[in-house]
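All heavy atoms count here, side chains included; hydrogens, waters and symmetry mates do not. Both counts, for ligands and for their atoms, begin at 1 and track the order of listing.
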Amino acid sequence: MAGEKHAILAELESLVSECRHSLDQASSLEGLEEARIAFLGRKGRLAAAMAEMVGLSKEDRPEVGRKANDVKAALTELLESHQSLLNRNKADAKVRGFDPSVPPRSPWGGSMHPVSLVSQEICDVFKKLGFDIVSGPEVENDWHNFEALNIPPDHPARDMQDTLYVTDNILLRTHTSPLQVRTMLEQQPPVAVIAPGKVYRRDSDLTHTPMFDQIEGLLVDTKTTMSDLRGILRHMCREVFNTDIKLRFRPSFFPFTEPSAEVDISCVMCGGKGTVGGKPCRVCKQTGWIEILGCGMVDPNVYGYVGYDPDKYVGWAFGLGVERVAMLKYGIGDLRMFFENDVRFLRQFS
Ligand code: DAH
């Protein structure tokens with residue numbers, strides 16, 4: 001009899017750890033229910049162990065009975081706590097919308113800004129022609145930004161209206177043209193450089209922002225003409241706009257070039273016709289032309305500032321507004337979109 005008592009106690013003892021083991025494998029409510037039936041059910045392990053008690057002596061029964069009650073309580077608690085664990089996991093998964101069978105969402109990548117894209121594209125055209133890319137400081141001094149470019153102290157371009165001064169002599173460069181000066185001071189001809197960069201002006205309205213992007217081009221050699229410049233600019237426009245763009249040179253004035261010109265391209269919106277679908281073209285205001293850059297033959301006075309022999313060398317230069325080209329290339333009607341950094345806008349260029 002004593003042997004039977006110990007056997008029943010040992011069986012009861014093992015039920016708790018066996019149940020815990022079964023629950024470790026039960027990851028669903030169905031698995032939990034199976035374990036409950038196996039251990040606490042009418043024909044379960046606990047019921048079977050208690051049925052053995054009928055053969056026990058009167059003295060042994062209370063002890064085994066107490067043990068059976070303790071085991072029942074322990075099993076009940078185990079099953080309940082596993083149930084609440086499963087419920088919590090299910091709720092969490094719902095909140096996270098987690099479904100392990102769905103492939104992961106690919107992370108959002110950044111994309112190049114359209115102004116950077118166009119700037120890079122233009123520079124690439126010139127790189128293939130053998131031009132070097134150069135850069136320089138955005139905080140410039142008066143001499144590089146104005147004086148050496150043949151812009152005398154009383155010239156209207158120096159007006160406080162346009163220039164953002166840091167001190168009397170230090171300013172935020174108003175154009176990329178000081179890079180012509182810096183390049184010529186550093187290199188001897190033949191020189192062929194392209195210089196992209198940010199420029200700053202005290203100007204802010206619908207079509208002007210205090211910061212914008214320019215690309216400067218400079219070529220100096222013993223022999224070159226304005227028609228070389230024209231051919232290269234035409235090539236660049238055709239590469240960037242992927243269509244047969246026409247160029248128009250209009251006489252203009254810049255202190256650092258002589259002669260000077262402003263260059264218009266045939267309107268990319270209306271193809272130069274001035275109308276789109278019978279309606280006046282908004283972009284070129286019906287003229288069929290859009291201005292994109294200023295250029296000219298380097299003024300011999302500038303050679304004097306950088307120590308080049310004006311009798312030996314000739315050259316040409318141009319300065320182009322990158323935002324303007326990007327607006328035309330991508331059909332963007334509002335300059336402000338470039339600066340608002342709305343991801344819905346930017347993501348279209350990835
Ligand atoms: N720097 C001029 C501007 O910002 C543009 C320009 C005109 C650049 C003629 C040039 C040039 O290199 O030759 O308005």
Starting from atom 8 (C) of ligand 1, what is the nearest protein heavy atom, named by residue and atom, and what distance separates them? G319 N, 3.3 Å
Suppose we call two aromatic rings close when their centres sit under 6.0 Å apart. Are H175 and F212 close by that rule? no
Could you tell me whether F254 and ligand 1 have an N or O pair separated by under 3.5 Å? no
Applying a strict 4.0 Å limit to heavy atoms, is W316 in contact with ligand 1? no
May I ask you to say whether R182 pairs ionically with E216, meaning some side-chain N is under 4.0 Å from a carboxylate O? no
Identify the closest protein heavy atom to atom 3 (C) of ligand 1: which residue and atom is it, and at what distance? R201 NH2, 3.6 Å
Going by side chain to side chain contact (heavy atoms under 4.5 Å, CB included), name the residues that satisfy it together with V125, two or more places apart in sequence or in a different chain. H235, M236, E239
Is it the case that the ring center of F126 lies less than 6.0 angstrom away from the ring center of F318? yes
Ligand 1 to Q214 polar contact by distance, N or O atoms, under 3.5 Å: yes
Check: H113 side chain, F338 main-chain N or O, donor-acceptor pair, under 3.5 Å: yes
Is a side-chain donor-acceptor pair under 3.5 Å present for E138 with Y200? yes
List every atom of ligand 1 that sits less than 4.0 Å from any heavy atom of S177, numbering the atoms from 1 in the order shown and giving each element. 1 (N), 8 (C)
Excluding sequence neighbours, so at least two apart, what forms side chain to side chain contact (heavy atoms under 4.5 Å, CB included) with R234? R238, L247
Using a 4.0 Å cutoff against the non-hydrogen atoms of G296, which atoms of ligand 1 qualify? 13 (O)
Taking atom 12 (O) of ligand 1 as the reference point, the nearest protein heavy atom with its distance: E216 OE2, 2.6 Å
Can you tell me the protein heavy atom closest to atom 11 (C) of ligand 1 and the distance? F256 CE1, 3.5 Å
